[in-house]
Amino acid sequence: MNTAYDRRLGGELEALRAAGTFKTLRHLTTPMAAAVHMEEAGDVIVLSSNNYLGLADNPRVIEAGIRGLRTYGAGTASVRFICGTFDIHRALEEKIASFLGMPAALTYVSCWTANEGLIPTLAVAGTAILSDELNHASIIDGCRLAQAQRLRYKHSDMADLEAKLASLAPDMTKFIITDGVFSMEGDLAKLPEIVALAERHNGVVIVDDSHGTGVMGATGRGTVEHYGLTGRVDVITGTLGKALGGAAGGFVAASANVIQTLVQKSRTQLFSNALPPTVACSALAAIEELEQHPELLAKQRANTAYFRRRLVEIGYKPLEGESAIIPIIVGDTAFAIRMSELLLAEGVFVTGFGYPVVPEGTARIRVQMSAALERPHLDKALAAFEKVGTALGIIPSKV
Ligand SMILES: Cc1ncc(COP(=O)(O)O)c(C=O)c1O
């Protein structure tokens, strides 16, 4: 290693430590669940996982993965078009498409690679992309790789989006790209307005519903279902690494022509291995569990409503929203990290997010609700929030 360069990196890391913004990886020794054992902190309640439906340690999901490993081995040791694809990938893709009410679907090893494969493939030179300023980093990076003209509209600002659409040639294809549920705010994209604008301005709507799939909508089919827009959004991307089993994996769901175009041309499909078959099997089982157990979604929602209400009663002012994400803005990055450390010391695992993940000055504790959590977990966590918030002076003291 070039020692001067290595020393420079060391200095930069030291500066992060000194500023209190250094991220520390925690090591778990048990499966993701309502509570986990953490090497550094013992048994802790988890409020920071995307395990929204509690399926990460679901026995049927685990067994499906084990069966997948026995049936298919580890993988094909190559990309799909070179060495073939497993029938379980086709079964999962058909399931995802029918679950979302879309014509077809294609899986990737993550939603990151799905977005990065999709956006530059569709948004070629001569087209335009209009992207919400708070979109996920994978969308931002996907847009950076595209040859299209790129415009960023203010967060959920429909007047700004409309003005930008109107500034482009009427016959130009315009890709409007948005998160379904914004991951750091927990708010929903204004999809009815976005779809209406797309219909007037030759737009193609792409929704990344990673935090909405399994969570939003009457039956957990996502933000598109929530708004009654099934069949009117052109492309949906999402992850299998959150509500749908929590391992990894992502997908694009769209028309058969879009999916075939991705098979032919998208670089993260052509030059990268498939989703491991173990994960394909467990994700398929997770979708079936979701469909067969609507009580999971009902419990996740009841937990969210209870935790939100009690947080406000304690004196917090979380951002309002309809999703399972409950952000509490605290301002300073080091403060957010310090607060999450104090909560961890009280047995609650919840992460503080700061710059550059969120804009400077809007650091936050992001609470995420799961169907895995029982009322005693929630009450213990709320007691910790009350104690830590009082000690830090961010909620009114009771005495
Ligand atoms: C909106 C959104 N898109 C994409 C991703 C990336 O998903 P994956 O972990 O499958 O790459 C995330 C994960 O944080 C996300 O929140």
Side-chain angles (χ1 to χ4, degrees), residues 23 25 32 46 48-53 55-56 89 92-93 96 100 105-120 129 131-145 152 155-156 175-189 191 194 205-216 222-224 226 233 235-254 266-269 272-276 278-280 282-283 286-287 321 323-327 350-351 353 356-358 364 366-370:
K23 294 177 201 62
L25 295 181
M32 182 48 65
V46 182
S48 58
S49 172
N50 307 299
N51 183 25
Y52 293 121
L53 298 176
L55 293 175
H89 289 113
L92 174 62
E93 286 159 354
I96 290 169
L100 295 177
L106 185 68
T107 54
Y108 288 79
V109 288
S110 67
C111 187
W112 186 288
T113 54
N115 285 337
E116 212 172 275
L118 170 77
I119 300 168
I129 298 173
S131 175
D132 189 291
E133 67 181 346
L134 291 191
N135 277 342
H136 188 260
S138 57
I139 298 178
I140 296 171
D141 283 16
C143 292
R144 285 179 180 151
L145 291 172
R152 196 170 50 182
H155 177 50
S156 281
F175 297 96
I176 307 174
I177 306 186
T178 181
D179 282 19
V181 176
F182 287 89
S183 50
M184 286 297 142
E185 314 296 303
D187 59 335
L188 307 187
L191 290 187
I194 291 174
V205 178
I206 303 176
V207 177
D208 174 348
D209 212 17
S210 288
H211 285 278
T213 313
V215 178
M216 298 307 304
T223 312
V224 176
H226 170 86
V233 165
V235 183
I236 300 173
T237 71
T239 184
L240 305 170
K242 301 192 196 296
L244 303 183
F251 59 83
V252 177
S266 77
R267 292 168 70 80
T268 52
Q269 185 76 213
S272 185
N273 277 17
L275 186 67
T278 46
V279 179
S282 57
I287 298 174
S323 73
I325 297 172
I326 311 174
V350 60
T351 305
F353 289 91
V357 179
V358 295
R364 64 202 62 191
R366 182 178 70 168
V367 175
Q368 289 167 283
M369 274 298 120
S370 167

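Treat the numbers as computed from the prediction; the structure is a model and nothing was measured. Note that ligands are numbered from 1 as they come in the structure, with each ligand's atoms numbered from 1 the same way.
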(message) Could you tell me if the side chain of N51 sits less than 4.5 Å from the side chain of V46, heavy atoms only?
(response) no

(request) Would you mind reporting whether F182 and L188 have side-chain heavy atoms less than 4.5 Å apart? (result) no

(request) Give a yes/no on ligand 1: does G250 have at least one heavy atom closer than 4.0 angstrom to it? (result) no

(message) Against ligand 1, does G249 come closer than 4.0 Å with any heavy atom?
(response) yes

In terms of atom number and element, which parts of ligand 1 are under 4.0 angstrom from non-hydrogen atoms of [X]?
X    : value
S138 : 3 (N), 4 (C)
K242 : 12 (C), 13 (C), 14 (O), 15 (C), 16 (O)
H211 : 16 (O)

How far is [atom] from its nearest protein heavy atom, and which residue and atom is that?
atom                    : answer
atom 11 (O) of ligand 1 : W112 N, 2.9 Å
atom 15 (C) of ligand 1 : H136 CD2, 3.2 Å
atom 3 (N) of ligand 1  : D208 OD2, 2.5 Å

(message) Regarding ligand 1, does T239 bring an N or O atom to under 3.5 Å of one of the ligand's N or O atoms?
(response) yes

(request) Would you mind telling me which of N115, I177, I176, T178 makes a side-chain contact (heavy atoms from CB on, under 4.5 Å) with I206? (result) I177

(message) For a quick test of reading the model, state the closest non-hydrogen atom pair linking H89 to A280 and the distance between them.
(response) CD2-CB, 4.0 Å

(request) Counting heavy atoms only, name the option from G241, S110, A137, C111 that's nearest to atom 7 (O) of ligand 1. (result) C111

Using a 3.5 Å distance criterion without hydrogens, assess whether the side chain of [X] forms a donor-acceptor pair with backbone atoms of [Y].
X    : Y    : result
R366 : G186 : no
E93  : L106 : no
D209 : G238 : no

(message) As an exercise, state the distance from CD1 of I325 to OH of Y52, rounded to the nearest 0.5 Å.
(response) 3.5 Å

(request) Check S183 against ligand 1 and report side chain, backbone, both or neither, counting heavy atoms closer than 4.0 Å. (result) side chain

(request) Examine the proximity of ligand 1 to S210 and report which part, side chain or backbone, both or neither, has a heavy atom under 4.0 Å away. (result) side chain

